[in-house]
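Below: one structure, written as structure tokens.
Note that these values count all heavy atoms, side chains included, but never hydrogens, waters or copies made by symmetry. Counting convention: from 1, in listed order, for ligands and their atoms alike.
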Amino acid sequence: MHVRMLKGQEKEVFDLAIIGGLVLTIAPYHEFIESGLILIKEGTIMDITKRELIPNTSVARDTITAEGCLIMPGLINTHTHAPMSLFRGMADDLPLMKWLKDYIFPAEAKLTEDMVYWGTLLSCGEMILSGTTTFCDGYFLEDQVAKAVKDSGMRAVLAQGVIDLPAPGIDDPKKNIKHLEKFIQTWKDTSALITPAAFCHSPYTCSENTLRDAKDITRRYNVPFLIHLSETEEEVHNLWKRYKKRATHYLRDLNVLDRDTLAVHCIWLDEDELDVLKEYEVKVSHNPESNMKLGCGVAPVPEMLQRGIIVGLGSDGAASNNNLDMFQEMDTAAKLHKVTKMDPTVLDAKSVVEMATIKGAMALNLEGIIGSLEKGKRADLIIIDMQKPHLTPCYNPYSHIVYAAKCSDVRHVIIDGKVVMKDRKLLTIDIEQVMGKVRAMRYMD
Ligand SMILES: [Zn+2]
């Protein structure tokens with residue numbers, strides 16, 4: 001398994017070696033490796049084992065010493081709207097519909113390509129600094145999101161927004177499907193780190209034809225389809241009045257549910273809808289902080305997990321959170337379900353860490369390449385400094401990741417084998433410049 005340096009044999013040169021530290025692999029076997037060693041070449045994990053098994057580490061061009069650290073897969077944020085960091089704190093403490101109609105939609109009407117690019121780069125900086133290596137985005141002017149993501153070095157599923165209302169970059173909603181197809185054509189196979197996708201805003205803002213047509217396009221190009229599903233009780237009532245169907249049944253009858261569909265929020269679902277999600281292998285993105293902040297309700301996550309539905313964690317946009325910190329999201333998810341069920345056993349720390357890593361990868365159909373640290377997978381990993389008072393002592397790393405660690409404990413971040421943050425310094429983004437650009441923007445006048 002491991003690389004042996006036999007006499008006379010030519011040394012294999014790796015791009016990066018991570019030496020020492022406790023490795024939390026999230027793999028079904030070898031869950032923990034104490035004093036580990038990870039060898040990376042051309043973005044792939046070539047070997048992951050105990051350090052002592054490979055004495056000669058001089059074969060790597062670059063090394064990171066991880067003594068006293070925890071090494072784990074990079075966190076996966078399964079739902080956000082990256083450019084919405086521009087609207088962080090602009091309007092808070094309002095109901096969802098009022099927040100959307102009176103503040104967010106008017107602000108979005110003023111968005112330019114430039115704003116979307118810099119807003120996304122700001123989000124990418126925040127995400128890397130907080131240990132996220134992959135995210136799933138749904139927004140408008142998604143070409144600009146993709147350009148910023150490419151510049152940041154992050155991995156992402158990027159979905160062009162589809163809505164039957166005028167939207168940034170699409171004055172005439174009749175053009176939304178054409179726009180979607182062009183986006184997918186542009187970004188499919190353009191970058192190994194970017195998967196294009198479709199994001200239908202919701203069953204209440206997209207017509208039946210729009211939903212069907214968008215899903216058809218994603219099937220034709222074999223890319224994911226995202227949709228906000230049953231986020232508020234009000235939308236569920238309105239849909240019922242119109243179609244005499246609950247939202248999941250409505251989408252099933254339109255033939256838009258399958259294993260490439262990622263349903264976001266999924267709060268107001270009945271038992272049969274949960275069974276339908278399981279039957280059609282629909283994935284779920286759970287966004288507890290946004291749901292709490294907008295007062296939308298609590299998604300039945302324990303019931304989903306009992307059925308074997310794949311549930312990833314998401315932050316939602318920074319305007320309804322108000323940050324993209326997955327450590328906070330994990331902490332909130334674990335506690336929200338405990339207090340809702342009045343049962344501290346209902347969602348344990350390990351399950352939550354899985355939701356932020358391997359289950360997130362499964363939600364995005366990326367589990368073949370990311371979500372755990374295993375030989376042959378892409379090297380997306382974070383190194384957390386455990387030498388901190390609030391992380392001492394350490395009995396159970398899962399517990400610390402969820403309940404005690406802060407995003408600022410992440411010291412180094414590696415995406416696709418490339419070091420994008422070293423000693424908390426971003427190497428792909430000039431964050432001072434990005435913050436300066438965003439501060440100078442005007443979209444509230
Ligand atoms: Zn959302």
### Task
Can you list, by chain and residue number, the protein N, O or S atoms under 2.8 Å from the Zn ion (ligand 1)?
H79 NE2, H81 NE2, H228 NE2, D316 OD1
### Task
Report the C-alpha distance between H228 and F199 in whole Å, list the side-chain angles of each, state the deciding distance to 0.1 Å, and finish with yes or no for ring pair (Phe, Tyr, Trp, His ring centres under 6.0 Å).
CA-CA 9 Å; H228 289 143; F199 164 52; 5.0 Å; yes
### Query
Should the ring pair H265 and H79 be called parallel, tilted or perpendicular, given that the plane angle runs from 0 to 90° and is split at 30 and 60?
perpendicular
### Query
Any side-chain donor-acceptor pair under 3.5 Å between S320 and N322?
no
### Task
Please list, chain by chain and in numerical order, all residues satisfying ring pair (Phe, Tyr, Trp, His ring centres under 6.0 Å) with Y398, sequence neighbours excluded.
F32
### Query
Which residues satisfy the ring pair (Phe, Tyr, Trp, His ring centres under 6.0 Å) test with H286, sequence neighbours excluded?
H337
### Task
Please collect all salt bridge (Lys or Arg N to Asp or Glu O under 4.0 Å) contacts where either partner lies in residues 274-286, sequence neighbours excluded, each pair once.
D275-R307
